[in-house]
Amino acid sequence: MKSRLLRDSYQDPLVKGEVEYAALTPEGVADDKPLPLILVLHGANSSRELLAMLQPIVEQLWADGSLPESLVACASTPTIGGFYLDRPGDAWESLMADGFPRFLAERYAVDETRVALLGASMGGYGVLKIAFAEPRRWLAVATVAPALLPALTSTQLRPRNTLDVLSHLAGEMTSEGGGFAANSVLHRLRSNAEAIRDSALPIFLRCGDRDVFALHDGTEQLHRALWDLDVGHEYHLVQGGDHLGPEALAGPRAALAFIGAAQRAAAGQDRSAADRQREAAWRDWAAGGREGAPPDLDPSAPSASVALRVMLEPQVTEAARRDDSMSRRYGILPDLDG
């Protein structure tokens, strides 16, 4: 499926000067047909031109059905003096969270109930901050090598985590908008954990374990925090993956496919009517006292998850009586140093 790539600019009161942006839409779709929106936040020293690199990936995913037809949009933002931070006169986080999607909804036909966030590197830092601030607003958030600094305070940062532009990020996180904690993804997660957990926001993290900027440190720290806080998420630690190289394409492809799955689930297109009937049959069999032969089981269909839980329900109930952690998605792991 072919796409159209539009480059344009607009003015927004949240920032000084014009905001250049690019928008990717499928060819042949009526201009008045509301499309789900994917907001893309680019990385450091990049721009709206990231969409030109993503264009063939998006087209391929549209063609094979992994990604529903969508409006994909990216605004150019500065690195130094930007970093998706809010500062007087240049509120770049607020622009991406509010101003830019509001403009897109006015300019295009957008389904505002299906807006997802995708960010790489500096953009990964930006989308996680935005998503964790208002988790119910977003359909999904997906990140590739997010620029996460693995520390609770700036004084805890190691040289390996502040190479090149990351040292500027650490400095601006500390000096702008309430200081380091206010601009930290980890702090925002912890302060809003209950809302994030209750929202069931689909969260995707991916990073190579040879990232030259050691961004896998911060990504791993966030994964462990999400686990401990019992917040559902998907995490890919790619062996041998670096910041650029094959991961520059493989990472966004996986992230877009993750968003596509969330889009299909939100639209009720993630499974067949026959499988929904199969799931209902398993629930009815359990509610009826498990009498007679169990329903058919398709081990590769979504209903298989319900079937397996129905079969294990007596054991799960007994385990829950003896183990409070059964109420959690993720277990309480033993301290290996203890």
Do [X] and [Y] have side chains that approach each other closer than 4.5 Å (heavy atoms only, starting at C-beta)?
X: Met326; Y: Thr317; value: no
X: Val310; Y: Arg290; value: yes
X: Leu85; Y: Trp92; value: no
X: Leu169; Y: Phe83; value: yes
X: Leu24; Y: Val40; value: no
X: Asp198; Y: Arg136; value: yes
X: Pro146; Y: Leu128; value: yes
X: Leu41; Y: Ile130; value: yes

ring-ring contact (aromatic ring centres under 6.0 Å, His included) partners for [X], two or more places apart:
X: His233; value: His223, Tyr330
X: Phe213; value: His243
X: Phe258; value: Phe204

Is there a side chain to side chain contact (heavy atoms under 4.5 Å, CB included) between Ile203 and Ile196? Walk through the geometry before answering. CA-CA 10 Å; Ile203 300 168; Ile196 296 167; 4.3 Å; yes
Just wondering, more than 12 heavy atoms not from [X] lying within 6.0 Å of its [atom1]?
X: Asp324; atom1: CG; value: no
X: Asp296; atom1: CG; value: no
X: Arg271; atom1: CZ; value: yes
X: Arg158; atom1: CZ; value: no
X: Arg224; atom1: CZ; value: no

Distance (rounded to the nearest 0.5 Å) between [X] [atom1] and [Y] [atom2]:
X: Asp64; Y: Leu61; atom1: CG; atom2: CG; answer: 5.5 Å
X: Phe132; Y: Ser184; atom1: CZ; atom2: OG; answer: 10.5 Å
X: Arg137; Y: Ser199; atom1: CZ; atom2: OG; answer: 13.0 Å
X: Leu148; Y: Glu220; atom1: CG; atom2: CD; answer: 11.5 Å
X: Lys33; Y: Thr25; atom1: NZ; atom2: OG1; answer: 12.0 Å
X: Leu67; Y: Gln60; atom1: CG; atom2: CD; answer: 11.5 Å

For Arg309, the salt bridge (charged side-chain N to carboxylate O under 4.0 Å, His left out) test, sequence neighbours excluded, returns none
Could you go step by step and tell me if Leu39 and Val127 meet the side chain to side chain contact (heavy atoms under 4.5 Å, CB included) rule? CA-CA 9 Å; Leu39 284 173; Val127 295; over 6 Å; no
List the steps and the verdict of salt bridge (Lys or Arg N to Asp or Glu O under 4.0 Å) for Arg276 and Asp270. CA-CA 10 Å; Arg276 294 184 189 279; Asp270 55 328; 3.3 Å; yes
My understanding is that only one of Glu27, Glu69, Glu59 makes a side-chain hydrogen bond (donor to acceptor under 3.5 Å, both in side chains) with Ser3; could you say which? Glu59
Using a strict threshold of under 4.0 Å (side-chain N to carboxylate O), is an ion pair present between [Y] and [X]?
X: Arg206; Y: Glu234; answer: no
X: Glu318; Y: Arg322; answer: yes
X: Asp323; Y: Arg328; answer: no
X: Arg197; Y: Glu194; answer: no

Looking at Leu215, Leu149, Val185, which one forms a side chain to side chain contact (heavy atoms under 4.5 Å, CB included) with Tyr125? Val185
Nearest heavy-atom pair of Gln263 and Pro68: which atoms, and what distance? OE1-CD, 3.0 Å
For Leu139 versus Ala266, what's the shortest heavy-atom pair and its separation? CD1-CB, 3.4 Å
Just do the salt bridge (Lys or Arg N to Asp or Glu O under 4.0 Å) check on Glu279 and Arg283 with the steps written out, would you? CA-CA 6 Å; Glu279 177 180 319; Arg283 295 188 187 280; 3.1 Å; yes
Is there a donor-acceptor contact under 3.5 Å from the side chain of [X] to the main chain of [Y]?
X: Arg264; Y: Ser66; answer: yes
X: Asp209; Y: Leu237; answer: no
X: Arg48; Y: Tyr21; answer: yes
X: Asp111; Y: Thr113; answer: yes
X: Ser325; Y: Gly331; answer: no
X: Trp282; Y: Ala304; answer: no
X: Ser47; Y: Ser76; answer: no

Evaluate side chain to side chain contact (heavy atoms under 4.5 Å, CB included) for His42 paired with Leu51, printing each intermediate quantity in order. CA-CA 9 Å; His42 63 72; Leu51 279 199; over 6 Å; no
Can you run down the salt bridge (Lys or Arg N to Asp or Glu O under 4.0 Å) pairs that involve residues 85-97, sequence neighbours left out, and say none if there aren't any? Lys16-Asp90, Arg87-Glu172, Arg87-Glu176, Glu93-Lys129, Glu93-Arg188
Is there a path from Leu205 to Leu256 through hydrophobic residues (I, L, V, M, F, W, Y) whose side chains come within less than 4.5 Å of each other? no
Shared hydrophobic cluster, Tyr108 / Leu5 (ILVMFWY, side-chain heavy atoms < 4.5 Å): no
For the residue pair Asp12 / Tyr10, report whether a side-chain donor-acceptor contact shorter than 3.5 Å exists. yes
Which residues, ordered by chain and number, are linked to Ile332 in its hydrophobic cluster, where ILVMFWY side chains connect at heavy-atom gaps below 4.5 Å, directly or through other members? none
Could you please spell out the steps behind the side chain to side chain contact (heavy atoms under 4.5 Å, CB included) verdict for Phe103 and Val19? CA-CA 11 Å; Phe103 163 76; Val19 178; over 6 Å; no
